[in-house]
Structures are given as C-alpha cells and as structure tokens.
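Numbered from 1 within each chain, the chains take letters A, B, ... in sequence-line order.
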Protein chains: 2
Amino acid sequence: MTKRAFKDKVYDELSKITKAMGNPHRLEIIDLLGQGPFSVEQIANHTGMSVANASQHLQVLKNAKLVSITRDGNFILYSLAGENVFNAWAALRALGIVYNAEVEKVVSDFRKGYGPIESIDAEALVALLEKDRVILLDVRSAEEYKRGHIHRALSAPIDELSSILKTLPKNKTVIAYCRGLFCVFADEAVALLKKKGYKAQRLYEGFPDWAAKGYPVTTK
Amino acid sequence: MTKRAFKDKVYDELSKITKAMGNPHRLEIIDLLGQGPFSVEQIANHTGMSVANASQHLQVLKNAKLVSITRDGNFILYSLAGENVFNAWAALRALGIVYNAEVEKVVSDFRKGYGPIESIDAEALVALLEKDRVILLDVRSAEEYKRGHIHRALSAPIDELSSILKTLPKNKTVIAYCRGLFCVFADEAVALLKKKGYKAQRLYEGFPDWAAKGYPVTTK
DNA sequence: TAACTATTCAACAAAATTATTGAATAGATT
DNA sequence: AATCTATTCAATAATTTTGTTGAATAGTTA
C-alpha cells in the first residue's frame with residue numbers, strides 16, 4: 001500500500017463521519033438525541049420529517065457509528081453512540097456561532113420576538129443554586145423532565161406554566177431552561193414570567209449541554 | 001417566522017460547516033493547513049489533486065468560513081480561519097478513531113510495515129525534555145521546520161536523516177515527530193534509528209496537535 | 001503599460017444524495 | 001400460530017456534488 005493509498009483510505013473513512021453530519025436533518029436528530037433515546041416516529045414528529053425519511057437518515061447516522069439502537073417492546077430507540085458525539089456536535093455548533101455571523105444572526109433575530117431576554121451560563125447558575133437564591137424551572141414536557149433534569153429543577157411544561165406560576169413566590173429570581181441553544185421554550189417562559197411581574201432569566205444553553213459538562217443531573 | 005422555519009434555518013446554516021467538512025479531500029486540506037499557510041499549488045501537490053480541483057475545494061472551505069486567505073506576492077496563501085477549526089477537526093478525528101474501528105485498523109495496518117513502533121504522548125515528552133533525557137528530531141522538511149517547530153527540536157528531514165544520524169550520541173533516547181497522526185515520516189525515522197542501534201520512539205501526534213494544545217513552539 | 005502567472009471560473013458529464021411512495025420485514029403482542 | 005405494527009427497504013425522480021478541461025481573471029512584476 002502506497003502512502004497515497006493509505007491517506008486516501010484514512011481521509012475517506014473519516015469523511016464518512018463528517019459526511020453523516022453534513023445534512024441539516026441529521027444535525028437536528030443529533031441535537032435531539034442529546035436529550036436521550038427516541039423512537040423513529042418520535043424523531044420524525046419532533047423534526048417534521050416523514051417516518052421513512054427519518055429512518056433513512058438514522059441509517060446513515062448508524063452506519064457512521066454516531067448513533068446506536070436498543071429495543072423497547074415494539075419500538076426501536078435511537079441514542080447517541082457516546083457522549084463524545086454530543087461533544088463533537090457542540091464543538092461544531094460553537095464553531096458555527098463564532099465564525100459564521102449568519103447563525104448568530106438567525107438566532108438573535110428570532111429571539112428578539114420575545115423581547116429582551118437575559119441569560120446566564122451554567123457556572124453562574126451553579127453558584128446561585130448553592131446560595132438557594134433562585135427558582136429553577138424545566139419548561140420542557142413532563143416526559144422529557146422524567147428522562148432527566150437539572151438537580152433541584154421543578155417541572156413546568158411551557159403549556160402549563162401560567163397555572164404553575166401562581167404557586168411561585170415573587171421574591172426569588174426565576175431561571176428557565178429547555179432543550180438547548182435552538183429551543184425557544186425558555187424564551188417564551190421568561191417573557192411570560194416578566195409580564196407577570198417576576199424577575200426572570202434563561203439558562204443560555206439547554207439540558208443536554210448542562211449534562212455534557214458534568215453538572216448534577218437527576219431523574220427523581 | 002415560525003419555530004419550524006427558524007430551526008430549518010439554523011440547522012441549515014450549521015450544516016454548511018459540516019457539509020464543507022464532509023469530503024475526504026477537504027479534510028486532508030484542513031489537516032495540512034494545521035501546519036500553516038500554503039498556496040493553492042502547494043496544497044494541490046501535497047494532496048495529489050489538480051490545481052483547479054484544489055481551488056474549488058478551497059472555495060467551499062472559504063465559503064464555510066473554515067479557511068481564510070492572505071496574499072504573498074503572486075501567491076494566495078490559505079490558512080485555517082482560527083485555532084477552533086483545528087480543534088474541531090481533532091475532535092472529529094478522535095471520534096472516528098474511538099467509534100469507527102475501521103480507521104484505527106487502516107492506520108495500524110499501515111504502520112505495521114515499519115515494525116513495532118513505540119510512541120509517547122505530548123505530556124510525557126514535556127517531562128523528558130525538562131530532564132534533558134532525550135534528543136528530539138523534527139523529521140519534516142526543512143521548510144516546515146522553519147515555519148515553526150517544537151522548542152528544542154533539531155531539524156532532521158527524513159531524506160537527510162541517515163547523514164545527520166552520525167552526529168547523534170547513542171546514550172540518549174531519540175524521539176521523532178512529524179506532521180500528524182496520519183504522517184508516517186516519524187515511523188520511518190524510528191525504524192531507521194532502531195536499525196542503527198538507537199533507542200527511538202515517535203511522538204504519537206504531530207506538530208499541529210502539539211501547538212494546538214498550547215505547548216511551547218518556536219521558529220528559531 | 002505590457003507581460004506574466006497563480007488562481008478562479010464556466011461548462012460539462014458522471015456520480016452521489018435526497019424525499020416520496022408503497023411494499024416488505026422483523027419482532028412483539030394476543 | 002396468527003395478527004399487528006414499528007421500522008426498513010426498493011424504486012423513482014429531482015437535486016446536488018464531484019473532477020476535468022480549457023478559458024478568463026485579477027493582481028504582480030518587469
């Protein structure tokens with residue numbers, strides 16, 4: 001085997017991974033699977049794709065060893081093949097946000113629709129939680145909360161927020177978090193909370209990022 | 001703008017980056033540019049592509065903001081757009097090596113051609129250099145050495161190694177390094193050194209990885 | 001200003017990727 | 001064992017990506 005043939009083979013193998021990531025639907029699937037395992041139909045619903053199409057994209061991800069499967073009754077559940085996969089996705093996402101102004105612009109333009117939303121990062125939240133100075137709300141669905149959530153967070157699905165809200169004391173700041181950087185449930189929640197007279201902020205990133213950084217997570 | 005349209009736009013923008021990385025030639029270019037700036041023709045020669053083809057791939061990388069250009073006389077020099085780019089590439093490469101046995105296999109099969117080569121990592125090399133226990137050889141070309149090399153390394157281009165070798169004392173271990181994980185100059189060097197009776201090892205990764213990790217680098 | 005030259009572009013054909021449709025399959029229920 | 005059902009597959013057409021060829025371009029040098 002010549003050096004050239006060797007290099008061709010190596011870069012070709014590695015490009016199978018980047019190729020598998022080189023499609024918007026598949027990036028969204030990877031982002032979603034950061035939450036935990038999902039069935040094909042759930043993935044299709046979350047991403048607005050047909051089941052057959054989602055299945056085919058999942059095959060591509062599986063062949064690239066980026067996702068793995070387990071079976072639960074009639075359902076096949078897809079998960080990320082390891083935490084490295086989410087980390088690599090997070091690194092690429094960061095790359096996009098730093099070097100490609102377009103990504104930043106799309107996100108900030110869309111978020112402006114909810115008014116000016118303050119956000120804090122994971123480190124700051126840890127400090128506030130330790131001092132017991134804040135109420136932390138998980139505004140994803142009840143099911144997602146059950147899969148895993150930030151330690152000490154209360155479940156407050158965005159649809160039910162307005163009724164839950166009445167039970168919250170107004171003397172503490174409320175922090176809301178959701179699925180990730182590209183999920184706007186937390187923005188919606190903060191906008192509603194502020195309208196009702198609360199001091200509110202969103203966690204900059206979402207649950208999968210929090211978990212990937214090794215901060216405390218629980219299912220109870 | 002609906003949530004769906006927002007997500008479509010975000011993932012579409014981000015996929016431009018992963019798409020740009022989703023091609024073996026372009027990965028090889030990114031890997032090469034980890035060494036420093038190169039002209040289109042140099043890139044074409046190093047990768048075995050035609051100049052026009054290399055140019056087109058470079059346009060793709062440039063549009064994705066992964067590389068940037070500077071001009072030097074008649075030549076246009078391409079560089080990585082920032083160190084994040086090399087780090088993202090390194091993360092993907094690591095992902096490939098961990099999850100895709102095929103990559104590991106191709107590399108180790110090819111290297112077996114040079115016999116059993118021991119390698120050490122960057123951290124271990126730092127310790128050995130501090131104790132002045134080793135001779136460190138940069139076996140890339142003289143020109144690459146001049147662009148930048150590991151502090152205290154001697155230039156020993158692989159072609160000239162056998163003559164340089166005569167000047168080296170035999171009481172110290174020799175460590176050789178080259179362009180990266182997929183470069184076999186260091187393996188060749190170690191094989192030759194061992195044949196001549198030296199104790200020799202290769203640095204596991206290459207110069208760009210060393211530099212990306214923030215270890216000391218010099219051009220003098 | 002004229003000549004030169006590294007790089008890019010345009011046009012083409014071949015190959016690969018994509019979404020949709022509807023049928024096939026594997027595996028769990030009953 | 002028969003039925004049911006989530007998932008996968010096969011076939012298709014539309015779109016995108018790729019490498020080659022040769023010409024065009026922009027910017028430097030003389």
Asks: Strictly under 3.5 Å: I want the nitrogen or oxygen pairs between protein and nucleotides 11-13 of chain D, one per line.
Replies:
none

Asks: Please output the side-chain donor-acceptor pairs of residues 152-164 of chain B that fall under 3.5 Å, not counting sequence neighbours, one pair per line with the distance.
Replies:
unit_1, atom_1, unit_2, atom_2, d
B:R152, NH1, B:L129, O, 2.9
B:R152, NH2, B:D132, OD1, 2.9
B:S163, OG, B:E160, O, 2.9

Asks: Between A:D209 and A:K213, is there a salt bridge with N-O shorter than 4.0 Å?
Replies: no

Asks: For B:Y204, which residues count as a ring pair (Phe, Tyr, Trp, His ring centres under 6.0 Å) partner, sequence neighbours excluded?
Replies: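 For B:Y204, no residue satisfies ring pair (Phe, Tyr, Trp, His ring centres under 6.0 Å) once neighbours in sequence are set aside.
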
Asks: One character per nucleotide, please: for nucleotides 22-30 of chain D, 5' to 3', B when the base has a protein heavy atom closer than 4.0 Å, S when only the sugar-phosphate does, - otherwise.
Replies: B----BSS-

Asks: Check each residue of residues 32-48 of chain B for a non-hydrogen atom within less than 4.0 Å of any atom in DNA chain C, then write out the ones that pass by number, or none.
Replies: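 Within this stretch, B:S39, B:V40, B:E41 sit under 4.0 Å of the strand.
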
Asks: Name each donor-acceptor pair under 3.5 Å that joins a side chain in residues 52-65 of chain B to protein atoms two or more places apart or in another chain, with its distance.
Replies:
unit_1, atom_1, unit_2, atom_2, d
B:H57, ND1, B:R26, NH1, 3.0
B:Q59, NE2, B:Y78, OH, 3.3
B:N63, ND2, B:Q59, O, 3.3

Asks: Quick one: list whatever passes salt bridge (charged side-chain N to carboxylate O under 4.0 Å, His left out) with B:R71, sequence neighbours left out.
Replies: none

Asks: Going by the rule ring pair (Phe, Tyr, Trp, His ring centres under 6.0 Å), which residues pair with A:F207 if we only count those two or more places apart in sequence or in a different chain?
Replies: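 Once residues adjacent in sequence are excluded, A:F207 has no partner under the ring pair (Phe, Tyr, Trp, His ring centres under 6.0 Å) criterion.
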
Asks: List every contact pair, protein side and nucleotides 14-18 of chain C side both N or O, where the distance is under 3.5 Å.
Replies:
unit_1, atom_1, unit_2, atom_2, d
C:dT18, OP1, A:N23, ND2, 2.8
C:dT18, OP2, A:R26, NH1, 3.1

Asks: According to salt bridge (charged side-chain N to carboxylate O under 4.0 Å, His left out), does anything in residues 175-191 of chain B pair up with another residue at least two apart or in another chain? List the pairs.
Replies: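 As it turns out, the salt bridge (charged side-chain N to carboxylate O under 4.0 Å, His left out) pairs with a partner in residues 175-191 of chain B, which skip direct neighbours, are A:K3-B:E188, B:R111-B:D187, B:E144-B:R179, B:D187-B:R202.
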
Asks: Suppose we screen for side-chain hydrogen bond (donor to acceptor under 3.5 Å, both in side chains). Which residues come up paired with A:K16, at least two apart in sequence or across chains?
Replies: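 For A:K16, the residues satisfying side-chain hydrogen bond (donor to acceptor under 3.5 Å, both in side chains) (neighbours in sequence not counted) are A:E13.
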
Asks: In whole angstroms, how far is the P atom of D:dT8 from the CG atom of A:L58?
Replies: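 Distance, rounded to whole Å: 7 Å.
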
Asks: Are B:K112 and B:D109 ion-paired here, with the side-chain N under 4.0 Å from a carboxylate O?
Replies: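 A salt bridge is present here (some side-chain N lies under 4.0 Å from a carboxylate O).
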
Asks: List the atom pairs, with distances to 0.1 Å, where a side-chain N or O of residues 80-91 of chain A and a protein N or O form a donor-acceptor pair under 3.5 Å, not counting sequence neighbours.
Replies:
unit_1, atom_1, unit_2, atom_2, d
A:N87, ND2, A:E83, O, 3.4
A:W89, NE1, A:D31, OD1, 3.1

